[in-house]
Amino acid sequence: MNVSNNDGSVVALVPAAGRGVRLGESTPKAFVTVGGTPMVRLAVDGLIASGAVDRIIVMVPTELVESAVALLPPSESVRVVIGGAERTDSVRCGIAAAPHAAHFLVHDAARALTPPELIARVVAELRAGAEAVVPALPVVDTIKSVDARGEVTGTPDRAGLRAIQTPQGFAADLLRAAYADERLQATDDAGLVELLGTRVRTIPGDPMAFKITTRLDLLLANAVLDGARMAGRS
Ligand code: CTP
Ligand code: MG
């Protein structure tokens, strides 16, 4: 695998084609507003503000392609494509739309408040030669494994656990290889890359890169933006 990724374009893939079942709004989640702006727009604005991304490909539900084009910044470097049934399908659609990328970021629209500075740090690691890099935060809860009956089967040492965020960064050929084998299954993009035996580097994540999944998360995200606006006025 090529490890001298010192030039070449950085393409951000933004999965925004989910239904948002756990949020429970009538609109697919990425199109739900936070502080008056749809999450997918906030996520794309964050990627642009990082100054570290050359192109952005946003994967959305079929019926929302036109709405997405209308609400995203009118720029040649932002493109909308149709996503798929599962998140992995959506990422695969994005990869196919960027055959010349040298590096990929995969960044959930649902992590709408991710600081641009975190995005820039992931790209800096890629440019310094990392093949796979993910933001990670210490886990605050104790995590237990359970069996099908809900009985505890173990308690891994929390000190060795991390909660993983996006953007996740990859050498483009590595992510292509991970997605080429449709039998591989994982709950995040780095998980697929790990199955290929590649080392994944962690960098410190940021609490503001939290994923908006539930009503409580949406309340929190709105409160954060309200708070930021109030601070801006004083
Ligand atoms: N996503 C996607 N295509 C899918 C499923 C998910 O592009 N088929 C995107 C979502 O839009 C989101 C990100 O992947 O930005 C993370 O997924 P998640 O938080 O699970 O969002 P949803 O799948 O929309 O939510 P839920 O699982 O509650 O339905
Ligand atoms: Mg989902």
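We number each residue from 1, following the sequence as shown. Predicted model only: the values in this text are computed from it and were never measured. All heavy atoms count here, side chains included; hydrogens, waters and symmetry mates do not. In listed order, ligands and their atoms are each counted from 1.
Looking at atom 13 (C) of ligand 1, its nearest protein heavy atom turns out to be Asp108 OD1, 3.3 Å. Nearest protein neighbour of atom 3 (N) of ligand 1, counting heavy atoms only, is Ser90 OG, 2.7 Å. In terms of protein heavy-atom proximity, atom 15 (O) of ligand 1 is closest to Pro15 O, 2.8 Å. For atom 26 (P) of ligand 1, the closest non-hydrogen atom of the protein is Val21 N, 3.5 Å.
Not close to ligand 1: Gly83, with no non-hydrogen atom less than 4.0 angstrom away.
Under the side-chain contact (heavy atoms from CB on, under 4.5 Å) rule, His107 has a single partner from Thr166, Ile56, Val122, which is Thr166.
Using a 4.5 Å heavy-atom cutoff, the side chains of Met39 and Asp108 are not in contact. You'll find the side chain of Phe104 stays beyond 4.5 Å of the side chain of Leu126, heavy atoms only. When side chains are defined from C-beta on, Leu220 does not count as touching Leu216, because their heavy atoms never get closer than 4.5 Å.
With atom 8 (N) of ligand 1 as the reference point, the heavy atom nearest to it among Gly18, Gly84, Ala17 is part of Gly84. Of the listed options Arg111, Lys29, Arg87, Lys29 places a heavy atom closest to atom 18 (P) of ligand 1. Closest heavy-atom approach to atom 28 (O) of ligand 1 within the set Arg19, Met39, Arg22: this belongs to Arg22.
Where the criterion is an N or O separation shorter than 3.5 Å, residue side chain and backbone included, Gly20 meets it with respect to ligand 1. Distances between N or O atoms of Thr213 and those of ligand 1 include no value under 3.5 Å. For Ala110, a nitrogen or oxygen atom sits less than 3.5 Å from a nitrogen or oxygen atom of ligand 1, counting backbone and side chain alike.
In this structure, the side chain of Thr153 does not engage the main chain of Asp147 through any donor-acceptor pair within 3.5 Å. Using a distance-only test at 3.5 Å, with no hydrogens or angles considered, no donor-acceptor pair links the side chain of Glu25 to the main chain of Gly20.
Arg111 and Asp217 are not joined by a salt bridge, as no carboxylate oxygen comes within less than 4.0 angstrom of a charged side-chain nitrogen. Between Glu117 and Arg121, at least one side-chain N (NZ, or NE/NH1/NH2) sits under 4.0 Å from a carboxylate O, which counts as a salt bridge.
Within ligand 1, the atoms closer than 4.0 Å to a non-hydrogen atom of Ala85 are 8 (N), numbered from 1 in the order shown.
Under 4.0 angstrom from ligand 1, there are no non-hydrogen atoms of Pro28. Heavy atoms from both the backbone and the side chain of Ala109 come within less than 4.0 Å of ligand 1.
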Practice task
Before giving the answer on side chain to side chain contact (heavy atoms under 4.5 Å, CB included), spell out for Arg41 and Asp45 the whole-Å C-alpha distance, their side-chain angles and the decisive distance to 0.1 Å.
Solution key: CA-CA 6 Å; Arg41 171 76 198 235; Asp45 285 349; 3.0 Å; yes

